[in-house]
Amino acid sequence: MGANRMLIQRAEFTDARELTNALSDRARWTTEALLAEDTVAHEADRTAGLLAAWADILAAAVGDGPAVFVAMRGSSETWVKLGQSLVETACRGNRRELEDAARHAASELDVHGRARLIAHLAEIVPSMVGMAGGIDTLLELDSLHQLSAGAEELWVSTAAWMIGALSELHRNEMGMRLASLVADDRGPDLWRTWLQVAATVIPAEAVAGFQPRAMPSQFAESYPRELAKESITAAHCGDADRIAQSHAQFNALSHEAQVLLEMDLAMMIATIRRLSRHKKNPNAGGPAEPSPRSADRDELREIASTIMDAMPAEVVERTGRMHALARRAVLAFMDEDSTTLAAIVDRIATWESKSGHSSYPDPPFRFPAEQSLTQANDLFQLGLQYGFGISKRAVADGAIELIDRLSPPEHREAARDLLTKMKRAGLDQIVEVDQLDDAPGFLAAAASAAWLASNRTIFKARETVRLSLIKEIRESEAKALRVPDREQITDISDDEALGFLERMYGDGYPLPRDPDERALWELDIVAVIKQHLLEVPADATTNEQLKELDARVKRILQAAAGTPQQAPKKERAPVSRKQPKRQPKRKRK
């Protein structure tokens, strides 16, 4: 990527940086809005600076000019051809060529062409910047990589964007970019850059405690498990010979092994960066409350939904049901409902024996177990991301305690063994369950997710987490039944919840209308009402259900006030006691 630094960092591109920060205002970046007077599209010089900066970001993230314009494939429009050429130039990594290409594109296009090109890029750049945690984080990382890897390093911005994406939990996007670069024999460039960055940000004592993960069997004999650790140590010491030797070892690896090794190294850096950012910028009221559902997760669900719509009905039903059952198992652990948990295990085990269900090629528990394990890792990564210091050993111990109390007895010992083994295996950066093909593995994964979801260190608002699970269950079960989107009830608005609270307690129930102004206990109260309304319409709610809701709301209020309810005192018969008159001090013996 950029020959020595991301273009948007340079002083002459201050305007481009300000415009990039304004991308959240979508109305500002339509073609029609850009054609209005006094916009960036009316000035060729400003347009050139903006195009160069955005092409720089896109090249770091995508690395492929045609991919940015795939929707316009075959178009003869001049702005499309110039835009594609611009991003391709950025991918070659020559700063002067990129600046020239940006000026050429801006001067060749009239205001209409510039407006259309800017509008198109403005739809793509925000997600690329978002994957790196925002423009400030991206620039901070770029400076770090530049400092560590050398001013003339070709891969500075690409390496910085990838670490930023991984820091923000966009592992899939980062992984695809990594695999693409390694396939193009660019793995060694990233390896050199990341080693220098790792030596800069990771203390020597942390490197000494680093335990490489176990590799798949196909790499077991040839994979140098200690190479990352040894290479960072060599960089710490400034030992040029050992550094050169580590580069040679890396270059000799297969592409598959290079991807695995670089992913491990990148995860180390991303975790350290997350922790250091959290410590440098703590919130006034303590750590930020992470959301159980991120924007990228919503987007992935939309993609999955589109794919599901094209599948046979039987496949859709099983996929949706198993996805929902995985969430229901987590919820059952959280609610300490052993009866429901046993029923879920039985339903998964006997799915294929039911009338109308054909056999499934994989073991019946594998898919729901994988879903529970993915959820556990999402929650675990949030813990790492926000610097809460939760270890994999603590997750295993907490899950074992849930297994002992709640899991079906016939699977208890095997699930315990899997969780005990998890404490000793691999890196302490992911939750691992060795066997996911049967009930013990499913229970171990679900218990791990439930312990993390119930952990008040990560999620202060417990009912908000439960609401997130219930919404996902509703979505999955609706998909399983092919319920049209317009008929699905998978969300309840704040206005509906607040209106129901006013029905319960009278007009003007004192909760802030703005969710950002609510305290944790207020978030939980709204979440409890939403959970109820997802299951029971407001008009169909019975008096008994209202009493139960009232009790749940009061329990939240009591917990928030730190005054747990005490058992009522026993009534005592009145007893008259006569206190003897106390003698004056001078008369006491």
Practice task
Verify side chain to side chain contact (heavy atoms under 4.5 Å, CB included) between Leu260 and Glu256, making sure each step is shown before the conclusion.
Solution key: CA-CA 7 Å; Leu260 291 170; Glu256 292 83 357; 5.6 Å; no

Practice task
Just do the side chain to side chain contact (heavy atoms under 4.5 Å, CB included) check on Val395 and Asn455 with the steps written out, would you?
Solution key: CA-CA 10 Å; Val395 176; Asn455 191 296; over 6 Å; no

Exercise for the section: Evaluate side chain to side chain contact (heavy atoms under 4.5 Å, CB included) for Asp397 paired with Lys423, printing each intermediate quantity in order. Expected result: CA-CA 8 Å; Asp397 287 338; Lys423 292 195 288 187; 2.9 Å; yes

Exercise for the section: Step by step, work out the side chain to side chain contact (heavy atoms under 4.5 Å, CB included) result for Thr89 and Asp100. Expected result: CA-CA 10 Å; Thr89 301; Asp100 290 343; over 6 Å; no

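Across every non-hydrogen atom of Ala122 and Arg26, the tightest pair is O-NH1, 3.2 Å. Contact record, Ser372 with Ala449: O-CB, 3.8 Å, taken as the closest heavy-atom pair. The two atoms that bring Ser407 and Arg412 nearest to each other are O-NH2, 2.5 Å, heavy atoms only. The two residues Ala445 and Leu373 have their closest heavy-atom pair at CB-N, 3.8 Å. Shortest non-hydrogen contact noted between Leu98 and Ala55 is CD1-CB, 4.1 Å. When all heavy atoms are compared, the tightest approach of Ser448 to Leu419 is OG-CD2, 3.6 Å.
Distance alone, capped at 3.5 Å, places no donor-acceptor pair between the Gln196 side chain and the Ala235 backbone. At least one donor-acceptor pair under 3.5 Å links the side chain of Thr47 to the backbone N or O of Val40. With hydrogens and angles ignored, the 3.5 Å screen pairs a side-chain donor or acceptor of His120 with a backbone N or O of Val68. Under a 3.5 Å cut-off, the side chain of His411 and the backbone N or O of Pro440 do not form any donor-acceptor pair. Between the side chain of Asp56 and the backbone N or O of Leu7 there is at least one donor-acceptor pair closer than 3.5 Å. Distance alone, capped at 3.5 Å, places no donor-acceptor pair between the Arg17 side chain and the Ile8 backbone. Proximity of a side-chain donor or acceptor of Trp191 to a complementary backbone N or O of Leu261 within less than 3.5 Å is not detected. Remark: the backbone N or O of Arg366 is not paired with any side-chain donor or acceptor of Asp437 at under 3.5 angstrom. Side-chain atoms of Arg177 come within 3.5 Å of backbone atoms of Ala61 as a donor-acceptor pair (strictly under, hydrogens ignored). No donor-acceptor pair under 3.5 Å is formed between the side chain of Arg186 and the backbone N or O of Ser180.
If you take CZ on Arg327 and CD1 on Ile473, they are separated by 8.5 Å, rounding to the nearest 0.5 Å. Atoms CZ and CH2, on Phe13 and Trp54 in that order, are 13.5 Å from each other to the nearest 0.5 Å. Rounded to the nearest 0.5 angstrom, Leu50 CG and Leu19 CG are separated by 5.5 Å. The CG atom of Leu121 sits 10.5 Å away from atom CH2 of Trp29, with the distance rounded to the nearest 0.5 Å. Between the CG atom in Leu166 and the CE atom in Met131 there is a gap of 12.5 Å [rounded to 0.5 Å]. Atom CG of residue Leu195 and atom OG of residue Ser246 lie 5.5 Å apart, to the nearest 0.5 angstrom.
With contacts defined as side-chain heavy-atom distances shorter than 4.5 Å, the pair Trp194/Glu262 qualifies. Side-chain contact check for Asp189 versus Leu181: every heavy-atom pair is 4.5 Å or farther apart. Side-chain contact between Leu117 and Leu51 is present, with at least one heavy-atom pair separated by less than 4.5 Å. Counting only heavy atoms from C-beta outward, the side chains of Leu141 and Trp161 never approach each other to under 4.5 Å. Residues Trp451 and Glu401 fail the side-chain proximity criterion, which asks for heavy atoms closer than 4.5 Å. Contact of the Leu265 side chain with the Ile232 side chain is registered, since non-hydrogen atoms from C-beta on lie closer than 4.5 Å.
Between Phe365 and Phe442, the ring planes are tilted. Angles from 30° to 60° get that label.
Only one option out of Glu472, Arg328, Gln371 pairs with His323 in a side chain to side chain donor-acceptor pair (under 3.5 Å); it is Gln371.
Every residue was checked against the side chain to side chain donor-acceptor pair (under 3.5 Å) condition with Thr233, not counting sequence neighbours, and none meets it.
Salt bridge absent: Arg92 and Glu88 never bring a charged side-chain N and a carboxylate O closer than 4.0 Å.
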